[in-house]
Structure formats: structure tokens, C-alpha cells
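One structure below.
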Amino acid sequence: MSKNQRTYRAPRGIRDLLPEDVALAERMERIAASLATRRGFREIRPALLEETALFKRSVGEVTDIVEKEMFSFERGKTHLSLRPEGTAGIVRAYIEAGYPRNRPIQRFFHIGPMFRYERPQKGRERMFTQFDVEALGSMDPRLDAEVIQLAALFFESLGIDEIEVRINSMGDGDDRDRYRDAVRAFLAPSMEAHCDLCRSRFERNVLRVLDCKNPSCRELHAGAPAIVDFLSPENEAHFAAVRSSLERLGRKTVLDSGLVRGLDYYTRTVFELHHPPLGVRSALCGGGRYDHLVRDLGGPDLGAVGFAIGFTPTLLALEELGILDRPAIRPAADCFLVAAGEGLDEEVFVLAEELRSRGVSVVFDVEGKSLKSQMKTANAGGFRFALVLGESELERGVVQLKDLPAREQHEIAREELADRILEALAVPS
RNA sequence: GUGAGUGUAGCUCAGUCGGUUAGAGCACCAGAUUGUGGUUCUGGGGGUCGGGGGUUCGAAUCCCCUCACUCACCCCA
């Protein structure tokens, strides 16, 4: 860093995943992928960038996400946005690829970055990774239960037990509208007594008023209408079926009539997975059914259900629970090739590539360090082997193979070197 | 967008009532009779004390502004 040169940082709320961090991310990805594929969910990698209109249409014009949280820009006449969530793009891809006509039942999962222009704080970033699962093309309540079960198993596989499934139904169409009207009518007389926030929620999303944590507001909500009393027989049956399917798996559900997902596309089943001991940050997963999104985005009217799990909240949860065991940092390669003496640069380079071609991972010193210093580097870097090549070895066609943790060194014929290394690596040290 | 807290070396931090060359640990680099790593010892590089302005004989320290980060609210994974 020179003095008169300005420096650069990652943009606010965006952090780099350094090589040291990748193993942990990979572990979560592996667990997610394994649970998903076992249930026939296939990985999909949709666009990171979409037409802005897609999100306006699906997520909703009057949501916080669309109103103020999207990274949007214009190129030519096209308005684009970095995706703030995964479902819209996945459904768009599903329709665009023609699945609805040919093979409407599709189970997809995706792990990748999402972007929201928010003020960063603990557990919340502008670029964050989500594990998304979407079961498309069916209304079957067992799919609701299946994805909820999948989400719960994800956390349990990581060691987070006591996952609480909070569930609600938002109804669909008429019953939902009637419920909303009823809530509005119920609240209207007491709005003056509510907090400022509730008053703004009343305008933006009435149902959210019932979610207020303010005790004085809560008192005003006693006797508020419950959605379950408004559900059509069909939606009520669906909701009951989802819960009973989960019960059959031994998974309890908690009816949370205040649970209202913020995005416009949700219908019927909505749910959140919580780990109550985590307090304010107990919410680990959110999802639900979005039965008309495919239609709203230009496809046939097909049901769908899915969820999103944020990796950052998950990691935070593991940390707070003290069960985050970071995978050991793996060395860059198995072997560190040491040059014993001057003028061996080319020889070292050639030997390294020779070993690599036989399947051995090797790096060599590029700082012109002393032999001793190279050995230190090999040790500090966690390499299993140091390979020493000097004039003498070169002439005799051998290499010193040093097993660093074992502190043993043997002279090996160059032709046998790769095999000997691979052999030694095959048995646990 | 609103509010609060914090900015000293790559990292974690100390720095008194304002006082002269701003420190420690870790990390890094180099040595300890010249072809061999964990410990130890010695030495070394590295900071315009976030930036700008002000008060003062004198500012890392006090005041103002600004930026950044963190946390909280809204909302959310």
C-alpha cells in the first residue's frame, strides 16, 4: 500500500468469502444439496440479474424490497435489478424453459447470492447467500410438508435442534380479502391508540399490525379476527392436511395467526422456522405457498411452494449456540517443493509440473528464500510433505521426500516419487 | 431513512490530568559458524493515531464537521 494511493474496500454490506471461509460455506452447501437431492430436487442456477419489472410484478410494488431495497440500473432501454430474492427468477426460468407444458412438476433448489440495498447490521447484509427450495406445479399439501421438513432437517443436520415450525394460512383470493377487510374494520376504531409504526402498517399492510411487539398495541388486538375463521372449506382442508402430514413425521407445528409474509405472492400456507433460544434472531427460514405466481408471470395457473434459508443467520445461530466448529484450514497443496541451492528455478518448476501431471498437488517457493526459510514456509503452511531438490539430487535422479508431521525423510527415486506420495496420502497420517 | 456507539501497525489492543522520538502481543521478514521446519533467543520492516478544521506554547488525547465501521429501529434470510 503506497502512501499517496487511495485504497478500496468492498462496498458497504458486502463481504468477501476468503479461502479460509470457503470450507464452512461448502459444508452448508453440501448439507443443503444432499437433503434436497434425496427428495428429487434438482439444482437450478437462474440469472442473478433480472428485469426490474419481474420483481415488481412478483414481489409486489408496495413492498419494502421493491420500493427501496433493489440494486437497479438501466442499460439502454432495459431496466435491470440484481435479484433481491430467488423465487421470482426461478419461476421465470421455469416458465421460460417451457416446463409448465411438458413436465409441470419440478422440484428445484438453488444456493446463491441475493442483493438488497439495506442498512447492514448483525445478520443482515447487502449481498447474502440463500438456500432456496421450490416445488413447482402442484397444490398437493404433502409438498408443503415436504419442503418444511426439508428446511427443518437442514438446521437439525447442522446441530440446531428444537426447531419450531410456525405456520399460518393466508387464504387465497376471496377468503383472504374478506379477512383483510375484517381486520381493517376491527382495527380502525383503535388506530389512534396504536403506535406510529402500527399506523403506518395499517396503511401499508394491515395484517402486519397484528404482528406488533409493543405491549400496549397487543392489548388492543385481543379478540382480533383470526384467519382460520375466514378460510374457505377447501383452504381450510389444505391447511389441516399440511399440518397433519407434518404431525405424521413427528413434527409439531405452532399456529401463528399473526404470521404474515411480506411478499405479495404468498397464498395459503406461510411458515417460518425458529429456534426460540436465539431470541430476536430466532427466525431462520421463511417460506410458503405461492399458488398464482406462475400465472401472474405469464404461465398457466399452477401451484407452488418453497422457502428461503439465509446462510448468514444460520451461521450466526451456530455461533451463538456455540456449536460452530469451523473446518480446519486445509493447506494449499500436499507438497511444498524446496529448492536446495541456487540456479534450480527451472528444475523446480519442471518437477512440480511433472508431479502435478501424476495427480500430486505441489507448490514451490517463488520468493528466492533460503532452504531453511523454505522449510519454515512448508511447515507453517501445513503441507504434508516437503520435497527437497538440490544439485546432488538432480544429478542422482532422486528427491528428498520429507513427511513433515512425522519428521521423517527418505530419498526417493524421481520416477517413484509421485506414487510414493499418493500412497502415503491414501492412508490417514 | 432514523438513532446510538466506536475509529491508534496486517490482526487484537494499551496509551494516565493534553507534554517532546506513539507502544505491546500476535503475524511478517532476517539471523543464531553457510543442505532442512515445530520451541527459544536476537534484530528488523510496518502507523500522515479515519479525514478536515478549531482551541492550545503543545492534540492520539479537548471541541466542531465529515467519512467509515458496528449495533438497534423499519423491514427482513
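Within every chain, numbering begins at 1; the chains are lettered A, B, ... in the order of the sequence lines, protein sequences first and strands thereafter. Note that this is a predicted model, so its numbers are computed, not measured.
A salt bridge links E125(A) with R15(A): at least one charged nitrogen is closer than 4.0 Å to a carboxylate oxygen. Ion pairing between R396(A) and E411(A) holds under the 4.0 Å rule for side-chain N and carboxylate O. In summary, R57(A) and D264(A) do not engage in a salt bridge, as defined by a charged side-chain N under 4.0 Å from a carboxylate O. Ion pairing between E146(A) and R142(A) fails under the 4.0 Å rule for side-chain N and carboxylate O.
C17(B) and C57(B) have their P atoms separated by 22 Å, with the value rounded to a whole Å. Atom name P, nucleotides C69(B) and U12(B): the rounded distance is 15 Å, in whole Å. A gap of 11 Å separates the P atoms of G51(B) and A60(B), to the nearest Å. Across G46(B) and U39(B), the matching C1' atoms stand 26 Å from one another, rounded to whole Å. Going from the C1' atom of G47(B) to that of G23(B) covers 11 Å, rounded to whole Å. Across U70(B) and A24(B), the matching C1' atoms stand 25 Å from one another, rounded to whole Å. Of the C1' atoms belonging to U8(B) and U48(B), the separation is 13 Å, rounded to the nearest Å. Remark: the separation of the P atoms in A72(B) and G25(B) is 35 Å, to the nearest Å.
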### Task
Starting at the 5' end of nucleotides 66-77 of chain B, put B wherever the base has a protein heavy atom under 4.0 Å, S where only the sugar-phosphate does, and a dash everywhere else.
--SS-SBBBBBB
### Query
Can you give one letter per nucleotide of nucleotides 32-43 of chain B, 5' to 3': B if a protein heavy atom sits under 4.0 Å from the base, S if only from the sugar-phosphate, - if neither?
---BBBB-----
Less than 3.5 Å apart, which donor and acceptor atoms pair up between the side chains of residues 324-349 of chain A and the rest of the protein, not counting sequence neighbours?
| residue | atom | partner | partner atom | Å |
| --- | --- | --- | --- | --- |
| D325(A) | OD1 | R27(A) | NH2 | 3.4 |
| R326(A) | NH2 | E319(A) | OE2 | 3.4 |
| D334(A) | OD2 | S361(A) | OG | 3.1 |

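Residue P120(A) comes nearest to R126(A) through the heavy atom pair CD-NE, 4.1 Å, listed as atom of the first residue, atom of the second, then distance. Residues E50(A) and G89(A) approach most closely at OE2-CA, 3.4 Å, considering heavy atoms. Between L297(A) and S58(A), the shortest heavy-atom contact is CD2-CB, 4.3 Å.
Note on residues 188-218 of chain A: pairs passing ring pair (Phe, Tyr, Trp, His ring centres under 6.0 Å), not counting sequence neighbours, are H194(A)-H221(A).
Ring pair F71(A)/Y117(A) is perpendicular by interplanar angle, where above 60° counts as perpendicular and below 30° as parallel.
Taking the six-membered ring for Trp and the full ring otherwise, F131(A) and F307(A) have centroids separated by under 6.0 Å.
Residues from residues 44-53 of chain A with heavy atoms under 4.0 angstrom of RNA chain B: there are none.
For RNA chain B, each stem of at least three Watson-Crick or G-U pairs (distances under 3.5 Å) is given as range with range: B:1-7 with B:67-73, B:10-13 with B:23-26, B:28-32 with B:40-44, B:50-54 with B:62-66.
Judged by distance alone, the side chains of E134(A) and Y290(A) do bring a donor and an acceptor atom under 3.5 Å apart.
Side chain of S370(A) to backbone of S373(A): a donor-acceptor contact under 3.5 angstrom is found.
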